[in-house]
Amino acid sequence: MTSTSQKVAGIPAAPSVRRGRPRLGEKAIEALLVLAAIVSVATTVGIVISLAVPTVEFFGTVSLGEFVTETLWTPLFAEKHYGVLPLLVATLIVTAIAVTIAIPVGLGSAIYLSEYAGNRTRAFLKPILEILAGIPTVVYGFFALLAVNPWLRDIWPSQTKPEFQNMLVAGIAMGLMIVPTVASLAEDAMTAVPRSLREGAYALASTKMQVSTRVVLPAALSGIVAAIVLGISRALGETMIVTIAAGLKTDGIIVNPIDGAATMTAYIAGAGQGDLPVDSLDYLTIFAVGSTLFLFTLALNALSIRMVRRFREVYE
Amino acid sequence: MTTTTNPRGPSSADVRAELTRRRFRPAETAFKLALQACLAIGLAFLVALLAFAVTKGWHRLDARLWENMPTGRVSRAGEAGVQSAIWGTVWVISLTAAICLPTGVLAAIYLEEYADNTRWYNRLLELNIQNLAGVPSIVFGILGLGLIARVIGLGFTVATAAVVLSLLVLPTVIIASREAIRAVPQSIRHASYALGATRWQTVSRQVLPAAVPGIATGSILALSRAIGEAAPLILLGAVTFIRFNPDSLLSAYTTLPIQIYNLIKEPQAEFQELAAAAIVLMLVVLLAMNSIAIFVRNRFTKRW
Amino acid sequence: MTYPEDPMDTTIVPPRLSAGLSLHPSGATHGGENTPVIDLADVAVWYGDYQAVRGVSMPVARNQITAMIGPSGCGKSTVLRSLNRMNDLIGGARVTGVVSYHGQDLYARDVDPIEVRRRIGMVFQKPNPFPKSIYDNVTYGLKVNKMDTGRTDDLVEQALRGAALWDEVKDKLKTSALALSGGQQQRLCIARTIAVRPEVILMDEPCSALDPIATGKIEDLMHELAASYTIVIVTHNMQQAARVSHRTAFFTAELDDAGVRHGRLVEFNDTGRIFTNPADKRTEDYITGRFG
Amino acid sequence: MTYPEDPMDTTIVPPRLSAGLSLHPSGATHGGENTPVIDLADVAVWYGDYQAVRGVSMPVARNQITAMIGPSGCGKSTVLRSLNRMNDLIGGARVTGVVSYHGQDLYARDVDPIEVRRRIGMVFQKPNPFPKSIYDNVTYGLKVNKMDTGRTDDLVEQALRGAALWDEVKDKLKTSALALSGGQQQRLCIARTIAVRPEVILMDEPCSALDPIATGKIEDLMHELAASYTIVIVTHNMQQAARVSHRTAFFTAELDDAGVRHGRLVEFNDTGRIFTNPADKRTEDYITGRFG
Amino acid sequence: ACGGSGESSGEPSGAAQLSGDIKIDGSSTVGPLSKAAADIFADEQPKVNVTVGISGTGGGFKKFCNGETDISDASRPIKDEEKKACADKGITFTELIVANDALTVVVNKEATWVDCLTVAQLKAVWEPDSKVDNWNQIDPKFPNEPLKLYGAGTDSGTFDYFTAAINGKEKASRTNYTPSEDDNVLVQGVAASKGGMGYFGYTYFEENADKLKALKIDGGAGCVAPSTATAQDGTYKPLARPLFVYVAKASAAKEHVRTFVDFYIANIDEVVKEAKYVPLTAAQKTTLAAEFEAFKKG
Ligand SMILES: Nc1ncnc2c1ncn2[C@@H]1O[C@H](COP(=O)(O)OP(=O)(O)OP(=O)(O)O)[C@@H](O)[C@H]1O
Ligand SMILES: Nc1ncnc2c1ncn2[C@@H]1O[C@H](COP(=O)(O)OP(=O)(O)OP(=O)(O)O)[C@@H](O)[C@H]1O
Ligand SMILES: [Mg+2]
Ligand SMILES: [Mg+2]
Ligand SMILES: O=P([O-])([O-])[O-]
């Protein structure tokens with residue numbers, strides 16, 4: 001083929017599709033993108049290092065055995081005990097109260113939004129519910145301490161009224177705080193249940209409730225469990241509500257929810273705001289408790305991620 | 001023809017009777033009411049919370065909020081305001097936005113447009129981000145305290161706070177941006193490539209502009225979370241008494257949620273009211289941000 | 001629209017179906033069973049402001065298979081869903097005209113749609129078994145309809161036999177229905193439907209997701225079911241309509257003056273007539289593939 | 001496989017374009033315009049471990065319209081995408097055999113796929129305008145290819161005229177492309193493609209999302225474009241292939257011994273021959289509708 | 001404001017505009033004094049950024065002796081080991097008494113059965129491993145009312161002072177009570193429970209006298225109520241105490257810090273009034289001014 005023929009034909013001259021100069025800009029940009037992605041990995045590494053190093057140092061002084069079996073947490077008193085159980089128990093109690101509220105309220109809202117509400121109602125209600133998720137937790141703490149608690153004490157049936165700061169009120173506020181998380185994720189899971197399953201059920205003469213509870217809920221179960229697990233993990237890690245509303249008492253293992261008690265997060269915040277000096281054992285306790293909290297939420301996250309993945313797999 | 005399974009001809013009257021028999025389904029009604037109650041509880045709590053803050057803070061919702069006198073002089077508690085906390089929030093959040101938005105969006109672009117997700121390291125990256133999204137904020141505070149303030153030596157400054165808050169909301173920004181990017185149909189990318197565009201040209205000229213509303217929505221929500229965040233900052237020196245506005249990245253600072261936390265602790269009723277007023281201020285800002293996010297989501301997100 | 005007989009009169013007209021039925025592969029005769037179970041009179045269906053289909057009048061005769069065919073989007077599924085009020089589930093959908101079932105207007109104010117669906121079951125285009133065991137799929141309808149009489153195991157067997165699935169699944173009733181093949185899943189959906197003993201079974205393209213072998217099985221099954229049930233089937237496959245149905249309704253979609261497409265019923269007749277000697281030019285074009 | 005002329009020889013055939021151009025679109029004869037711009041030799045495409053299509057050898061002659069037809073899933077789109085390396089964008093996709101473009105192996109190590117796509121443009125099944133103004137859609141290719149010469153307005157007009165869209169949009173160049181009708185959008189996509197002056201335009205079922213009127217316009221346009229461009233079109237519509245193309249490749253998918261379906265090229269020939277006198281029984285069956 | 005003894009802050013509001021940071025940390029009891037001083041000072045010298053942390057006396061000293069702060073607030077005198085820590089880092093300082101306080105033991109308003117407790121009774125309640133958790137265990141005459149205890153946070157000087165004064169050993173305390181650095185929690189907590197008891201600085205009590213009742217303390221010489229007078233003359237035993245600030249030498253060398261401390265001293269009456277503490281006696285004030293003058297010189 002000659003170039004003359006090319007011109008006659010009005011076709012571009014002998015086409016070269018070979019690589020010209022290397023596209024350096026493209027490479028540079030890709031490197032930048034990788035770098036940005038690595039920030040998140042660096043964060044995790046940073047967290048692990050900043051927790052692990054002082055924690056190891058802490059366990060150089062305090063035995064792991066004492067940490068997990070001792071029932072007193074008094075690192076800042078003359079007679080020091082380093083049993084994390086009181087903090088852990090308080091954390092679990094507050095979380096349990098929160099979850100007891102958030103699961104029914106969250107799931108109920110989710111079922112309503114996904115199965116009952118019309119498009120317009122949903123479009124209106126869902127953002128409002130999401131506002132609840134966006135309110136700073138200090139505000140929840142403030143409200144719990146100064147409004148919910150007095151009210152609770154007023155209506156409290158027995159003589160022994162709830163303390164000024166108590167786990168119950170913190171749990172209630174926290175439960176309502178995680179309602180949107182649970183509701184929104186559970187609703188996503190339910191919406192992901194294919195329409196065809198619902199139609200199949202309706203065609204068998206099911207009522208709405210039957211479709212919701214017997215078909216949609218079971219089919220969305222792993223997604224719903226993931227939503228709940230995520231809610232639990234948020235409750236475990238919540239700090240301000242418990243600091244403000246449940247207090248910092250670390251008197252052995254406290255199980256009565258109308259008493260105040262320090263959760264792991266509240267202890268960290270309480271001890272940390274005094275800005276304990278570096279290198280003291282007091283300072284190290286923050287990291288030891290932080291590590292415990294981190295491990296707990298890590299396990300829950302892993303569980304929730306697996307659940308979400310499972311429910312995605314079912315239909316996709 | 002005969003059959004045992006199905007009655008032959010039901011009479012019209014029978015059918016009419018059966019189809020129109022009024023069935024009272026109490027469980028059905030109760031269930032629906034219960035569901036509505038669930039929603040009502042959430043909404044009632046929201047309303048009660050707003051009402052409480054507004055009534056309590058009502059007569060402090062005026063120019064005094066802008067005064068710069070925190071809790072120093074009890075005799076003048078009635079004149080105290082939260083100016084330095086507002087400025088602190090503005091500084092910290094601006095810097096947070098400047099750090100986490102580009103990082104988050106770039107990371108999202110990498111994961112969606114460049115990463116080969118059959119590679120273990122990319123899957124790990126993804127898993128890591130999901131995990132990070134669930135790490136409690138106080139743990140980020142510990143990261144800031146142990147590593148950024150102490151080891152790196154940024155101290156208890158605006159910069160440290162912004163870095164910590166950026167890392168805290170980074171997963172949210174990444175996840176939201178990824179979703180927005182993923183929502184851009186493949187056909188747009190293919191059209192661009194078919195015109196001889198390079199990958200970055202395709203991303204920067206087609207994918208990103210189309211994903212902007214989604215990214216903006218996610219970013220606004222992430223930043224509104226950062227604004228309200230107090231726990232990590234408690235560990236990062238924000239609780240100290242500060243009555244001056246930050247003037248550099250290495251300034252000491254306080255923020256609105258922290259100042260609210262401080263005010264709640266004061267015994268004077270004026271300070272409680274000021275706390276309520278500051279809460280209303282913060283809620284107004286957050287509601288505005290949420291509304292903008294929802295508006296952007298509804299108005300500009302393309303349905304392809 | 002061509003209407004061979006006045007559908008309103010069918011109740012009093014003596015049965016004249018045998019001509020059409022002789023075409024039927026099984027050679028069954030169904031004389032005398034054309035009392036319309038369902039009757040549509042000037043039915044139109046709206047989605048919000050959009051009238052998807054209009055002017056549909058046709059009877060559905062007892063213990064026969066009535067097929068609806070026509071090009072995509074002409075409103076076959078829409079009309080089918082209007083027969084058991086499945087359209088209620090679509091926000092904004094609305095039915096006008098009269099759909100009567102044994103003379104009862106299905107859309108009358110006091111009619112309970114759940115009761116309607118109990119009597120008029122439905123099988124969908126894509127098999128949609130619940131993500132539960134085979135057994136639970138079949139018993140689901142029994143449970144929600146409180147038909148759980150203690151003889152559940154028998155009923156399950158009966159339903160699965162009725163759907164020609166029993167032999168294939170009898171040893172694994174407790175395993176997940178999702179592990180079945182597409183054809184098996186579709187037969188399971190049929191079993192699930194007949195377990196609640198409806199009078200009518202609506203099928204919306206029940207074979208379009210299936211391979212030819214599975215399709216063959218479902219078609220055989222339909223023949224058997226026609227002995228005890230009234231069946232309405234939507235199909236995009238003309239051969240299938242010709243093979244299985246007694247009567248066929250041909251729909252099409254046409255632009256109105258404003259340029260909006262509406263579906264309408266073009267011709268309703270014995271299947272034999274529709275496929276050998278259609279009255280309407282459009283039907284003929286469609287049948288012979290000259291259309292669309 | 002039927003191969004009318006040896007494609008390997010075409011490079012030495014002198015240009016004879018004028019003949020073809022004058023004839024077209026009104027019943028053209030295409031003798032002599034067979035210099036292959038693209039040539040496939042024993043091409044196979046894999047998606048991961050699955051060989052979607054194999055053994056494809058065919059030339060694509062200059063300034064002609066080459067059509068690919070065949071039943072769904074036979075690999076038409078797959079082969080088409082292999083011509084401008086769009087398959088690169090699908091993870092796990094791999095091409096074996098040789099796809100040469102003016103004698104250059106397109107899959108050689110040092111070939112820049114971006115440069116390939118500049119020269120071999122593509123129009124997709126569903127119109128996919130960018131969510132920008134009409135003007136920006138057309139200039140996009142110019143910009144990314146740094147062809148922004150200052151005469152952009154002229155080039156835009158030229159491209160839009162070339163795509164027979166100019167008159168309809170010249171007053172609203174700055175409005176969103178998404179506001180155009182489907183057919184206009186598809187012509188815009190063609191305008192956008194010709195704006196960068198590719199040598200070859202690949203079209204994957206470019207009319208399947210369009211109504212008959214829009215389809216007619218696009219077909220007319222193809223005829224015009226064939227004067228200056230080499231066009232390869234995939235279509236599921238045999239009439240369309242017969243109407244627009246000079247040569248037709250018929251693909252089908254067959255099970256191999258292991259029961260896996262692979263697409264293959266059955267017959268390649270002048271369109272007239274394929275539709276009137278196919279060499280292969282399968283082609284004939286397909287053409288006459290007896291297939292699939 | 002009237003400049004006192006300082007050279008640079010001598011002039012009234014026309015004084016040279018200084019700038020710089022001053023870091024104060026330490027006692028939450030003394031914090032209000034330093035905050036008030038900082039707040040008033042800011043009107044004069046807006047470019048001097050004073051931060052006041054409340055890490056507690058102990059926490060404050062740890063930072064002070066680490067060279068992290070300029071001024072340390074303390075509700076008890078510096079301890080020997082803390083002095084040593086300072087010395088190790090080469091930090092020299094002066095101790096200034098800025099106000100008086102009476103650690104007040106408070107009970108619920110409804111606790112009509114009690115007005116006065118002896119030190120021994122308090123010790124029985126607060127000593128480590130105390131098993132007292134009902135009022136009738138303190139005194140059989142008291143009603144059967146569960147005891148709810150609220151006390152100072154463990155990092156506070158108040159805690160150190162109270163444990164030393166009552167239990168005889170610093171930080172030796174029972175642990176099953178609600179500790180808080182946040183006195184408001186203590187006020188609210190005691191106000192909320194009929195059997196509540198707590199202790200904190202006198203000012204917090206005065207602020208909340210409507211909600212709480214202060215107990216008289218019998219330190220061996222009969223029951224004495226906490227008050228300005230008994231705090232100043234020391235008869236409120238053993239819980240009357242002075243409050244301190246410690247100023248680092250190196251910091252005092254900086255003009256803006258020196259100016260601030262001078263200002264603090266010169267305006268001590270207003271500061272104490274704003275923070276609602278028991279003011280210094282005339283003698284104490286003279287000593288205060290003299291000591292800082294001497295420190296600046298020496
Ligand atoms: N939920 C809906 N909302 C609005 N319009 C709808 C809805 N469902 C169907 N339509 C419209 O109604 C018309 C008829 O749809 P229908 O699904 O009944 O057609 P069909 O004959 O079943 O087609 P196909 O053979 O493709 O299934 C179509 O124009 C369709 O777009
Ligand atoms: N991205 C992909 N990954 C895996 N397999 C694919 C992919 N794309 C197509 N295939 C498979 O390759 C085969 C050929 O597909 P292709 O899209 O080329 O068919 P086609 O002839 O264009 O069909 P149609 O007419 O339906 O568009 C099919 O079996 C298809 O399932
Ligand atoms: Mg349909
Ligand atoms: Mg294709
Ligand atoms: O804060 P303290 O005064 O109790 O140390």
Side-chain angles (χ1 to χ4, degrees), chain A residues 23 26 29-30 32-34 36-37 39-41 43-44 46-47 49-51 54 104-105 108-109 111-112 116 125 127-129 131-132 134-139 142-143 147 176 179 207-209 230 233 236-237 239-240 244 265 268-269 272-273 275 278 286-287 290 293-294 297-298 301 305, chain B residues 25 27-28 31-32 34-36 38-39 41-43 45-46 49 52 103 106-107 109-111 114 125 128-132 134-139 142-143 145-147 150 167 170-171 174 198-200 224-225 228 230-231 234-235 237 239 257 260-261 264 275 279 282-283 286-287 290 294:
Chain A
R23 299 178 199 277
E26 292 277 323
I29 283 161
E30 187 163 350
L32 185 69
L33 297 177
V34 171
V39 169
S40 75
V41 176
T43 308
T44 306
I47 287 176
I49 290 177
S50 62
L51 284 173
V105 176
S109 307
I111 296 175
Y112 188 82
Y116 282 77
L125 284 179
I128 294 189
L129 208 58
I131 290 175
L132 265 180
I135 293 179
T137 52
V138 212
V139 178
F142 172 83
F143 185 64
L176 287 155
V179 159
T207 62
K208 242 186 184 137
M209 175 173 97
L230 193 74
S233 127
L236 278 185
T239 306
M240 295 317 292
I244 295 172
T265 50
I268 296 171
Q273 68 182 285
D275 187 28
V278 197
I286 294 180
F287 296 88
L293 176 67
F294 182 68
T297 48
L298 203 63
N301 287 344
I305 290 170
Chain B
R25 297 190 171 92
E28 196 70 21
F31 185 67
K32 188 171 178 186
L35 297 182
Q36 285 168 331
C38 286
L39 256 177
I41 288 174
L43 299 181
F45 186 82
L46 178 64
L49 189 149
F52 180 74
T103 316
L106 291 179
I109 293 174
Y110 174 75
L111 287 169
Y114 284 78
L125 201 60
N128 172 59
I129 289 167
Q130 282 174 309
N131 247 318
L132 217 48
V135 171
S137 58
I138 189 97
V139 172
I142 291 178
L143 167 73
L145 175 68
L147 214 59
R150 297 278 187 207
L167 299 180
L170 189 60
I174 295 179
T198 63
R199 201 196 284 250
W200 178 245
S224 75
R225 173 167 176 216
I234 280 193
L235 298 186
V239 277
I260 289 164
Y261 173 67
I264 296 171
I279 283 176
M282 195 160 65
L283 287 181
L286 291 173
L287 289 188
N290 269 305
I294 290 166

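As the structure is a prediction and not an experimental result, all values here were calculated from the model. Naming convention: chains lettered A, B, ... in sequence-line order (proteins, then strands); numbering from 1 in each chain.
When each of B:R225, B:Q36, B:M282 is checked for heavy-atom pairs under 4.5 Å with chain A, B:Q36 comes out on top.
Considering only heavy atoms from C-beta on, B:F45 stays 4.5 Å or farther from A:V179 through its side chain. Under the 4.5 Å side-chain criterion, counting only non-hydrogen atoms from C-beta, B:L286 is not in contact with A:I131.
Heavy atoms closer than 4.5 Å to chain B are found in the side chain of A:T297, but not in its backbone. Residue A:L236: no heavy atom, backbone or side chain, is found under 4.5 Å from chain B.
Atom CG of B:L125 is separated from atom OG of A:S40 by 5.0 Å, given to the nearest 0.5 angstrom. We find the CG-OG distance between B:L43 and A:S109 to be 7.5 Å, quoted to the nearest 0.5 Å. With rounding to the nearest 0.5 angstrom, the CD1 atom of B:I138 is 5.5 Å from the CD1 atom of A:I268.
With hydrogens and angles ignored, the 3.5 Å screen pairs a side-chain donor or acceptor of B:E28 with a backbone N or O of A:K208.
A:I47 approaches B:L143 most closely through the heavy-atom pair N-CD1, 3.5 Å.
The aromatic rings of B:F52 and A:F142 are tilted relative to each other, their planes meeting at an angle between 30° and 60°.
Evaluated for a side-chain contact (heavy atoms from CB on, under 4.5 Å) with B:L39, the options A:I111, A:L129, A:I128 yield exactly one hit, A:L129.
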